[in-house]
Structure formats: C-alpha cells, structure tokens
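Residue numbers begin at 1 in each chain, while the letters A, B, ... track the order of the sequences. All values below come from the heavy atoms of this structure, side chains included, with hydrogens, waters and symmetry mates left out.
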2 protein chains.
Amino acid sequence: MDKRKAILEAAVELIAEKGYTHTSMQQIADSVGVSKGSLYTFFPSKEDLIISIYEHYQQLVFERAFVVGLDGNLPPYERFAKQFQVQFEGILEYKSYMKMHMRGESAQSSEKLEGMGHRMRGRLFSWLERNLIDLYGEEIAPYKWDLMWMTQSIYTSYTGLMVTSENELAPDKLGKHLVRQIDILAKDFLVGKSTPLLDDVMMRPFSVGMDREGAFTSFEKRENAWKSLYESIHQHKQSHYFLEVTDRISEESRKSNPDELVMRGLFQLLKSEEEISERAQLLEEQLLPETGSEH
Amino acid sequence: MDKRKAILEAAVELIAEKGYTHTSMQQIADSVGVSKGSLYTFFPSKEDLIISIYEHYQQLVFERAFVVGLDGNLPPYERFAKQFQVQFEGILEYKSYMKMHMRGESAQSSEKLEGMGHRMRGRLFSWLERNLIDLYGEEIAPYKWDLMWMTQSIYTSYTGLMVTSENELAPDKLGKHLVRQIDILAKDFLVGKSTPLLDDVMMRPFSVGMDREGAFTSFEKRENAWKSLYESIHQHKQSHYFLEVTDRISEESRKSNPDELVMRGLFQLLKSEEEISERAQLLEEQLLPETGSEH
DNA sequence: CGTAAAAATGACTATTGAGTCAAGCACATT
DNA sequence: AATGTGCTTGACTCAATAGTCATTTTTACG
C-alpha cells in the first residue's frame with residue numbers, strides 16, 4: 001500500500017515536468033525504482049494511474065477547505081477567507097500536483113476522466129455557492145453564477161501564480177484578498193447597479209453534482225465523518241467548547257506530520273461526552289486508522 | 001498560399017477535437033485531401049505546424065482589439081469595452097482555434113513555442129496596461145498588476161465559457177460587463193481600501209515584451225501600418241472626419257467577408273488627402289494585397 | 001507539343017512506448 | 001528443507017506515427 005503512494009508521487013513529479021504524453025511508464029518505473037511490469041500490479045493502465053493521481057490529491061487539497069467550512073465558530077466572512085487560505089496552503093504543499101493539473105493535458109478524454117472533471121467542478125461550485133449564501137443570504141441567488149464564475153477564475157489564476165512564482169505568495173493574505181474582491185463585486189450586484197450575465201439555464205453543465213439535500217453527496221467517508229461530527233456538536237448544549245476541541249483536531253490534521261498523541265488526546269476529550277462519542281469514534285478511525293481502536 | 005491556409009484550418013479543427021498528440025499528420029492530410037508528404041512542403045515538422053497555427057490565429061484575434069484601441073474617437077471606458085467586444089467577436093469566429101488553445105496540450109515545450117507563449121502574454125499585459133492607464137491615469141500604477149491579473153483571469157474564463165457554451169454570450173454585453181467589473185475593483189483600489197498583493201518584482205516574468213517606447217515592438221507589418229495611419233490622422237486638422245473613415249475601414253475589415261469595393265472606396269477618400277495618402281496606401285497594400293496598387 | 005521544373009504521392013523506415021507474460025524470486029508456513 | 005503463494009522482472013509483441021524519398025503527376029512556358 002505504500003509503494004502505490006510512491007508510484008503516485010513519482011508519477012506526479014514527472015508528469016508535472018514533462019506532461020502526460022511525454023512521460024512513459026518506463027520512466028515512472030525507473031524513477032520509483034521498480035520494473036515497468038510492477039506498475040501494472042497497482043494500476044491496470046496508464047489512464048487509471050492518472051485518474052488515481054487526481055482522486056488522491058484532489059481529495060487532499062479539497063478536504064481541508066471542506067472541514068474548515070463546517071466550523072461554525074468563525075463568522076462567514078472570515079470563514080470564507082480561512083477556507084481559501086487552507087486550500088492555498090494545500091496547494092503550496094502539493095505544488096507538483098497543481099503543476100500537473102494546470103498543464104491540463106492528459107489521456108484522450110474518456111468517460112472516467114470526464115466524469116471526474118465534472119465531479120470536481122460540481123464540488124467547487126457547490127462549495128462556492130454555500131459560502132456565498134452564508135455571506136449574503138438568499139438574495140444573492142440571481143447573481144450567484146456571475147460571482148461564482150469570476151471567483152473561480154480569479155482563484156484558479158492565483159493558484160497558478162503561486163505554483164509558478166519564485167517568491168511565494170502568503171496563503172493567508174491571498175485568502176483575505178480574494179474574499180475582499182468577491183465582496184466588492186457582490187455588494188455592487190446587491191446594490192443593483194450591475195446586471196447579471198449568467199443564469200441557471202446557461203450554467204446547467206456546472207450545476208450538476210449539487211443536489212437538494214446538501215450538495216455533497218459524492219463525498220468520501222472521511223468528509224462525511226467530519227460532517228456528522230460537527231452536526232452532532234452543533235446540537236449539543238456545550239457546543240462552543242466541543243467546537244474548539246474539534247477545530248484543534250482539524251488544525252492538527254492539516255499539518256504535514258500531525259502529532260498522533262495530541263490527536264488521540266483531543267479525541268478522548270470528545271469521546272468522554274456520550275452524545276458525541278460515537279461520531280468522534282468514527283472520525284478517529286478515519287484519521288488514525290493503523291492502530292485502530294484499542295479502547 | 002491558399003493550401004497552406006486550408007491545412008492550418010483542418011489542423012485546428014482536428015486538434016481542437018482530439019488534442020495535439022492524438023492527431024496524426026496522416027489524419028490532417030486526409031482531412032485536407034492531400035497526401036502526408038505534401039504537408040511537409042509547407043511545414044517542416046508537426047511542431048512548426050502548430051506554431052504556425054498559433055501565429056496565424058493569434059494575430060487574427062488580437063489585431064482587432066489593437067486597431068480599435070488606436071481609435072481616439074471613443075472615450076476610454078467605451079473604447080476598452082469595445083476592444084473586449086471585438087476580441088470576443090473574433091473568438092466566436094475562431095471557436096475551434098480557441099478550443100485548441102484551451103486544451104493547452106501541445107508539443108514538448110521547445111524554445112520556439114515557449115518564446116511564442118511569452119510574447120503572447122507580454123502582448124496581452126501591455127495591452128491591458130495601456131488601457132488601465134488611459135482610464136485611470138498614472139495613479140493606478142501601484143495596483144496595476146493586481147488589476148491586470150484579475151482582469152486577465154476573468155477574461156480568459158469567460159472566453160472559455162463562450163467557446164464551450166451552447167447558448168452564445170453576446171460579445172457586446174460581455175465586453176461591457178467585464179469593464180464594469182474591472183472598474184469596480186479599480187475604484188476600490190484607488191479609494192485605498194484594498195492593498196495590492198502583486199508587484200513589479202514578482203511579476204517580472206510577465207512584464208517582458210513591454211518596452212519603453214510603446215510596448216508594441218514585435219508587431220506585424222499590418223498593425224504597424226494601422227498605427228502609423230492613425231498617427232498621421234491625429235496630426236491632421238480635419239482629424240475627426242478622417243477618423244470616421246478609418247473607423248469604417250476597420251469595421252469593414254473585421255467582417256468575415258469584407259466588401260473589397262467598399263474598402264477601396266474608403267481608402268480612396270483617405271488617399272485624396274496628401275498628408276495621409278502615403279500611410280493609407282501602405283495599409284491598403286497590407287489589407288488588400290492580391291490586386292495590388294494599380295493607381 | 002515537348003520539355004523542364006515544381007508539386008504531390010504513398011510506400012517505406014525507424015522509433016517510441018503501452019501492455020503482456022513466462023520465468024524467477026522472496027518469504028511464510030508447515 | 002519443502003512447498004506454495006504472490007510479488008517482481010524485463011524481454012517481447014504490437015500498434016501508432018513522424019518523417020523520408022524515389023517515383024509519378026501537374027503545371028509553366030518556349
């Protein structure tokens with residue numbers, strides 16, 4: 001299971017540098033230090049390899065923002081900025097992946113790959129929508145597509161800048177900057193001076209993946225565990241205290257080398273409260289799987 | 001000279017659809033209806049072919065905006081919007097090219113190709129800079145990179161939307177929309193509420209190509225001819241009248257099938273004025289080359 | 001017409017690279 | 001030590017395709 005990851009990482013590195021078509025399976029194999037044949041015990045084809053790469057890294061980068069978004073302690077504006085920030089931090093950490101992603105070029109577009117791209121876009125847009133509504137309420141609805149579209153494009157282009165540029169842009173500043181610009185544009189729409197250009201009909205291709213019950217259906221187990229934990233905490237009378245603990249867990253889990261003992265301790269705090277215990281247990285199993293639950 | 005164009009067009013179509021690597025020279029040849037060997041009498045290699053495509057179309061799309069930019073009759077704000085508009089019109093006309101461009105994937109990046117990308121970016125940014133300064137004067141300088149960066153990213157993403165989307169976005173609305181959004185962001189910077197994030201040092205990679213004397217050095221003969229004609233008109237006492245004529249020429253030349261007689265007539269109007277005659281003649285030769293000057 | 005130059009052809013070469021598979025190897029269990 | 005299981009190997013197949021070049025066709029012109 002570890003060699004698989006090594007292959008993914010080597011492949012990302014090479015593909016980021018030379019592009020998908022100009023990276024051969026042989027080169028990837030050489031770079032990991034195994035034979036070409038071995039690659040095929042992990043990935044049935046080159047295409048499956050790149051799809052696995054996308055799934056692996058996209059999850060890593062996006063989960064961070066998702067989790068911060070659940071935190072109800074921060075006011076909406078700051079929370080939005082914070083979510084961008086942690087995503088930018090993630091991007092900085094997985095620079096090669098982003099470079100690869102930005103090159104765009106990959107296998108001759110197949111069902112599988114297109115489906116994934118679609119899910120990714122849907123996810124991004126439903127995430128943005130959620131945040132815009134948190135910030136401005138339902139009255140932003142008529143302008144949401146214009147705002148989301150501009151936001152997404154500015155976000156993406158700054159991402160590119162981060163990855164390319166020598167001197168690093170600070171994720172926290174960038175997050176605040178972005179939200180500030182969105183805010184200016186949104187306020188202008190709300191004042192009614194600009195008219196929107198995009199509507200639901202036109203944007204249908206992007207709206208799939210968001211569905212009635214909360215937009216995040218295709219989510220991984222881990223994210224669902226986060227979500228359900230936060231939900232049960234919100235219902236609790238002492239929610240403030242438990243939110244703090246959970247935020248601290250979230251913060252720790254975002255580090256490249258989370259301190260396992262700290263995490264276990266924090267989880268213990270949650271598990272001591274009966275109404276939350278079960279959900280906390282579930283998340284702990286997701287985040288710290290190897291040693292399991294030896295209660 | 002016409003078959004060359006046919007090859008370029010067929011190649012764009014195929015590459016837009018299937019990508020550079022998955023389009024073979026054989027397929028291009030079949031699509032034009034010539035043999036593979038023939039392609040090599042026009043383009044020494046596949047890489048040269050794609051470079052020629054870029055040069056050909058980029059010129060077509062960009063020249064439009066450039067020419068509108070020279071027109072002094074429109075006030076800056078409207079002129080900026082109009083420039084976007086004509087570019088969007090161009091994009092609609094060369095959809096396949098834009099699709100191809102957006103796929104991004106092309107030959108293993110070579111000197112030549114990178115140089116071209118660099119020139120293209122430089123051109124775009126110097127064009128934006130010129131417009132921002134026309135609109136807001138020198139005091140916009142500290143914020144220009146942030147504005148240009150956001151503008152460029154929004155512009156690019158709307159471009160993508162135009163090319164992909166079924167229901168067409170109207171170029172004129174889009175142009176106005178874009179300038180309106182830029183204006184909001186710019187005003188906010190000028191009021192001093194937002195702080196800029198990008199500076200000259202960080203953006204050096206993008207600032208090449210703009211040089212002291214006017215940013216447009218690497219320009220084609222045709223564009224230089226436009227420029228010098230407009231310059232000579234501006235010095236003329238009856239500039240307003242001649243500007244109108246020239247604008248009309250510019251408009252006509254942007255059509256897919258410009259009316260040659262109309263053009264010749266308009267040029268005749270210009271050539272009857274001695275001080276402008278020579279420059280007009282030069283431009284006419286560029287725009288209507290085949291039949292030459294049979295004065 | 002006739003001839004020479006230019007353009008077009010398509011069979012051919014040479015290379016690259018994804019994916020296969022029979023044989024070899026390491027390691028665990030008995 | 002013997003046996004079996006599953007991982008690893010790398011030589012091999014096979015398809016795709018960029019680029020070449022001797023030959024044929026077209027055009028241009030005296």
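- C:dA8 atom P lies 14 Å from atom CZ of B:Arg4, rounded to whole Å.
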**Report entry** From CA spacing to verdict: side chain to side chain contact (heavy atoms under 4.5 Å, CB included), A:Leu8, A:Phe43
**Finding:** CA-CA 10 Å; A:Leu8 288 175; A:Phe43 307 96; 3.8 Å; yes
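- Between the CE atom of B:Met25 and the C1' atom of C:dG10 there is a distance of 15 Å, given to the nearest Å.
- D:dC21 atom P lies 17 Å from atom CG of B:Leu39, rounded to whole Å.
- Counting only heavy atoms from C-beta on, A:Tyr40 has its side chain closest to C:dA18 among D:dA18, D:dG10, C:dA18.
- Counted by atom type alone, B:Glu55 and B:Gln59 present zero donor-acceptor pairs between their side chains at under 3.5 Å.
- B:Ser38 comes within contact range of at least one nucleobase, with a heavy-atom separation under 4.0 Å.
- Taking atom CZ of B:Phe42 as the reference point, atom C1' of D:dG19 lies 17 Å away to the nearest angstrom.
- Between the P atom of D:dG10 and the CD atom of A:Gln27 lies a distance of 17 Å, rounded to the nearest Å.
- A salt bridge links B:Glu284 with B:Arg264; the closest basic N to acidic carboxylate O contact falls under 4.0 Å.
- Using a 30° and 60° split on the angle between ring planes, A:Phe88 and A:Tyr155 fall in the tilted class, from 30° to 60°.
- Each of A:Thr23 and A:Gly37 lies near DNA chain C, and the nucleotide nearest A:Thr23 is the one positioned closer to the 5' end.
- Residue side chain B:Lys36 reaches the base of D:dG19 through a donor-acceptor N/O pair under 3.5 Å, judged by distance alone.
- Distance CZ (A:Phe43) to C1' (D:dT8): 16 Å, rounded to an integer number of Å.
- Heavy atoms of A:Thr21 sit nowhere under 4.0 angstrom from any nucleic acid atom.
- Two residues are said to be in side-chain contact when any heavy atoms from C-beta on lie closer than 4.5 Å; B:Gln87 and B:Thr159 fail this criterion.
- Atom CG in A:Asp30 sits about 15 Å away from atom C1' in D:dT8, given to the nearest Å.
- Whole-Å rounding puts the B:Lys3 NZ to C:dA7 P distance at 10 Å.
- Picking from C:dG19, C:dA8, D:dT9 the nucleotide with the shortest atom distance to the side chain of B:Thr41 gives C:dA8.
- Closest approach to the A:Lys46 side chain among C:dG19, D:dA18, C:dG17 is made by C:dG19 (side chain taken as heavy atoms from C-beta onward).
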